[in-house]
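Report on the structure given below.
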Amino acid sequence: MPSIIPLSLIFFLCSFSYVHLSKGASNTTSIYESFLQCLPRQHDPTFSTIVYSATLNSTSYTTVLQAYIKNRRLNTTSTPKPVLIITPTKESHVQATILCAKKLGVQIKIRSGGHDYEGISYISSEKDFIVLDMFNFREVNVNIATETAVVQAGALLGELYYRIWEKSKVHGFPAGVCPTVGVGGHLSGGGYGTMLRKYGLSVDHVIDARIVDVRGRILNRKSMGEDLFWAIRGGGGGSFGVILSYTVKLVPVPVVNTVFRIMKTVAENATELVYKWQSVAPTIDDGLFIRLLLQPVTVNKTKTARASFVAHFLGDSNALVAIMNKNFPELGLKKEDCMEVSWVQSVLYWANFNYNTTAVEILLNRHSDNINFLKRKSDYVQTPITKTGLTSIFNKLVELGKIGLVFNPYGGKMNEFPADATPFPHRAGNLFKIQYSVNWNDADPELEKNYLNQAKVLYKFMTKYVSKNPRGAFLNYRDLDIGVMEGTGRNGYSSGKVYGEKYFMGNFKRLVKVKTVFDPENFFWNEQSIPTLPGKSRDKPRKMTTLI
């Protein structure tokens with residue numbers, strides 16, 4: 001396979017065997033010194049400006065670490081901290097970091113936007129680990145003539161959307177509604193947004209990529225081969241190497257889009273409407289995405305539950321009202337409920353900005369979101385839930401008091417892609433995906449205990465309504481409750497299979513084979529990474545400690 005290695009790194013590779021971590025040197029200072037000794041600084045003095053240590057430049061280290069922690073639950077004094085943070089500004093920095101971490105036997109975590117719900121891009125169950133933070137890799141080059149964009153892994157979705165909007169008002173990209181999510185993690189895990197039913201997943205529009213593998217080589221689609229290219233489009237890039245960039249195909253969007261939000265409580269016939277939604281939302285016009293939020297609320301001092309129907313339609317309000325009157329008249333949508341917007345305004349709307357008064361430039365603000373404590377889980381529904389079941393669910397939400405559910409409809413384009421087209425397997429046969437969602441602002445540990453328990457209780461309660469054998473889960477809604485990798489070799493494979501088959505279903509076996517070929521020593525591992533085949537890898541032993 002061809003590779004691209006700078007001259008300064010060639011010298012580094014030739015002299016690599018002389019660099020090692022002294023036996024027993026596990027403290028922060030010795031790792032820092034060994035790492036700096038390993039890096040080819042004599043040929044590239046910029047290395048000294050991208051390495052942060054908790055003991056030697058602690059103020060800068062803390063600022064860099066906390067800048068992209070998007071879950072306050074994972075930003076406490078007891079949260080495991082990396083020994084070092086490396087913030088590369090060029091590709092040779094990434095190559096050298098991988099080779100040094102491998103030589104020194106230090107685990108590497110890869111962070112792009114920091115939105116991973118369990119924080120495994122910046123915390124670890126290992127005692128000593130480093131974070132490779134890709135936030136400087138944020139270039140977005142849009143080419144309207146070819147309808148493509150080259151997006152570096154550390155760019156945020158908002159930056160991608162803005163750069164598309166700069167060049168065209170009739171192009172978009174089918175990705176998430178939160179503009180501060182990192183492109184690297186979003187695309188490597190699947191990625192979806194409000195154009196899911198029209199255009200499928202983000203990864204369905206990836207046509208090339210650049211990745212640094214475990215040997216320090218920079219590979220594109222041609223040089224990495226179709227197996228690895230398949231694996232990094234939904235199988236989690238952190239299992240196979242460090243993604244540098246993706247090349248994506250843009251999609252057409254109309255000049256006029258329409259959004260609406262209609263809320264109904266149980267007393268306002270919410271149960272009947274949700275029941276009908278299950279048959280309508282996955283089968284209605286492919287250009288219409290109607291998300292459903294179920295949550296406990298208090299109305300006139302009485303606890304109840306509410307359903308919120310939040311929609312994005314690729315078209316004008318007249319067409320939307322006609323479609324809804326034909327397919328879902330029970331919701332009672334009227335033209336005055338609708339807001340006609342441009343595609344980029346729809347992005348602002350879904351990100352909870354006032355699209356009339358907020359400048360589009362807010363999408364370039366990498367820290368525009370509110371950071372809360374949070375927990376997420378996921379499920380898939382393949383058979384409509386009965387009215388009796390929905391009543392039970394509403395009652396359970398009221399009983400628990402805080403946690404809510406988000407139903408995201410499938411159908412449309414999602415029915416057209418085979419389950420093995422990418423590692424993301426949850427395609428035809430699924431009516432909708434569930435996100436379990438609970439946020440809070442108070443740092444009280446008793447509240448955290450209560451809310452985390454609510455998530456587990458509701459997840460268990462929903463068992464009879466969701467997919468089975470295995471019970472599916474969405475990788476980008478990372479959830480350590482469904483399993484973690486424990487040990488190495490056969491134990492690592494067996495424990496990895498538990499969560500792996502939930503995330504990837506029948507694609508798990510192929511992902512393991514690709515992993516074993518491209519990373520036989522399982523260097524790129526995390527608590528829910530793809531394991532290697534037992535007996536066919538050179539998986540190094542690890543000492544496991546508690547992650548949180």
Side-chain angles (χ1 to χ4, degrees), residues 117 192 196-197 261-284 289-311 327-328 330-332 374-411 414 426 429-440 447 449-474 477 479 481-482 502:
Y117 290 141
Y192 79 100
L196 170 79
R197 304 186 61 256
R261 177 188 294 261
I262 292 178
M263 298 182 289
K264 300 289 184 179
T265 64
V266 170
E268 295 169 319
N269 210 29
T271 305
E272 294 284 343
L273 292 172
V274 173
Y275 179 75
K276 180 67 180 288
W277 175 92
Q278 293 179 101
S279 61
V280 171
T283 59
I284 204 167
F289 178 88
I290 310 175
R291 171 176 281 183
L292 182 59
L293 312 177
L294 307 182
Q295 56 196 136
V297 294
T298 300
V299 178
N300 296 326
K301 299 182 180 180
T302 301
K303 293 181 179 179
T304 184
R306 182 176 67 199
S308 299
F309 300 81
V310 190
N327 296 278
F328 200 1
E330 295 87 347
L331 191 60
L374 62 88
K375 174 65 181 179
R376 301 289 189 268
K377 300 175 77 67
S378 62
D379 261 319
Y380 288 89
V381 174
Q382 299 170 338
T383 303
I385 302 172
T386 65
K387 293 178 185 178
T388 301
L390 291 172
T391 297
S392 297
I393 291 170
F394 277 133
N395 290 340
K396 195 66 176 178
L397 291 175
V398 173
E399 174 192 327
L400 293 172
K402 180 67 174 177
I403 192 167
L405 299 172
V406 183
F407 290 179
N408 295 287
Y410 270 36
M414 292 297 284
H426 312 288
N430 292 290
L431 298 176
F432 57 95
K433 172 169 57 188
I434 297 177
Q435 179 182 132
Y436 299 74
S437 176
V438 59
N439 298 335
W440 64 100
L447 275 181
K449 181 179 178 181
N450 176 19
Y451 295 148
L452 294 180
N453 184 62
Q454 285 190 30
K456 291 181 179 180
V457 169
L458 184 58
Y459 183 78
K460 182 178 180 180
F461 176 82
M462 293 293 291
T463 301
K464 58 185 173 182
Y465 304 116
V466 300
S467 62
K468 300 170 179 64
N469 302 317
R471 183 174 182 171
F474 178 35
Y477 292 169
D479 179 13
D481 296 341
I482 67 172
K502 294 174 183 177

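Residue numbers run from 1 in the order of the sequence given.
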Stepwise side-chain contact (heavy atoms from CB on, under 4.5 Å) check, Leu405 with Leu458: CA-CA 10 Å; Leu405 299 172; Leu458 184 58; 3.6 Å; yes
Lys449 NZ: over 12 foreign heavy atoms closer than 6.0 Å: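 Not buried by this count: 12 neighbours or fewer within 6.0 Å.
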Neighbour count >12 (heavy atoms, 6.0 Å) for atom OH, Tyr275: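 Count not over threshold, so no.
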side-chain hydrogen bond (donor to acceptor under 3.5 Å, both in side chains) partners for [X], two or more places apart:
X: Thr388; result: none
X: Asn453; result: none
X: Thr265; result: Glu268
X: Lys502; result: none

Partners passing salt bridge (Lys or Arg N to Asp or Glu O under 4.0 Å) against Arg261 (at least two apart in sequence or in another chain): none
By salt bridge (Lys or Arg N to Asp or Glu O under 4.0 Å) - contacts of Lys433 (at least two apart): none
Quick test of your reading: applying salt bridge (Lys or Arg N to Asp or Glu O under 4.0 Å), list the pairs with at least one residue in [range], sequence neighbours left out, ordered by first then second residue.
range: residues 384-393; value: Glu272-Lys387
range: residues 451-462; value: none
range: residues 395-405; value: Lys396-Glu399

Minimal non-hydrogen separation, [X] against [Y], with atom names:
X: Gly472; Y: Ser467; result: N-OG, 2.9 Å
X: Val438; Y: Arg376; result: O-NH1, 3.3 Å
X: Pro296; Y: Leu397; result: CB-O, 3.5 Å
X: Asp481; Y: Lys377; result: OD2-NZ, 2.9 Å
X: Leu431; Y: Pro282; result: O-CG, 3.5 Å
X: Lys303; Y: Val398; result: CB-CG1, 3.9 Å

Nearest-0.5 Å distance that lies between atom [atom1] in [X] and atom [atom2] in [Y]:
X: Asp479; Y: Tyr117; atom1: CG; atom2: OH; answer: 11.5 Å
X: Ile403; Y: Leu294; atom1: CD1; atom2: CG; answer: 12.0 Å
X: Asn430; Y: Asp379; atom1: CG; atom2: CG; answer: 10.5 Å
X: Leu292; Y: Ser308; atom1: CG; atom2: OG; answer: 8.0 Å
X: Ile290; Y: Phe328; atom1: CD1; atom2: CZ; answer: 6.5 Å
X: Asn408; Y: Leu196; atom1: CG; atom2: CG; answer: 8.0 Å

Please identify each residue that fulfils ring-ring contact (aromatic ring centres under 6.0 Å, His included) with [X], with sequence neighbours left out.
X: Tyr459; answer: Tyr436
X: Phe407; answer: Trp277, Phe432
X: Phe394; answer: none

When you measure from the side chain of [X] to the backbone N and O of [Y], does any donor-acceptor pair fall under 3.5 Å?
X: Arg306; Y: Lys264; result: no
X: Gln295; Y: Gly404; result: no
X: Gln278; Y: Ile385; result: yes
X: Asn300; Y: Thr302; result: no

side-chain contact (heavy atoms from CB on, under 4.5 Å) evaluation trace for Gln435 with Arg291: CA-CA 11 Å; Gln435 179 182 132; Arg291 171 176 281 183; 5.9 Å; no
From CA spacing to verdict: side-chain contact (heavy atoms from CB on, under 4.5 Å), Ile284, Arg197: CA-CA 10 Å; Ile284 204 167; Arg197 304 186 61 256; 3.8 Å; yes
Parallel, tilted or perpendicular: rings of His426 and Tyr380 (30°, 60°): parallel
Derivation and outcome, side-chain contact (heavy atoms from CB on, under 4.5 Å), residues Tyr465 and Ile434: CA-CA 11 Å; Tyr465 304 116; Ile434 297 177; over 6 Å; no
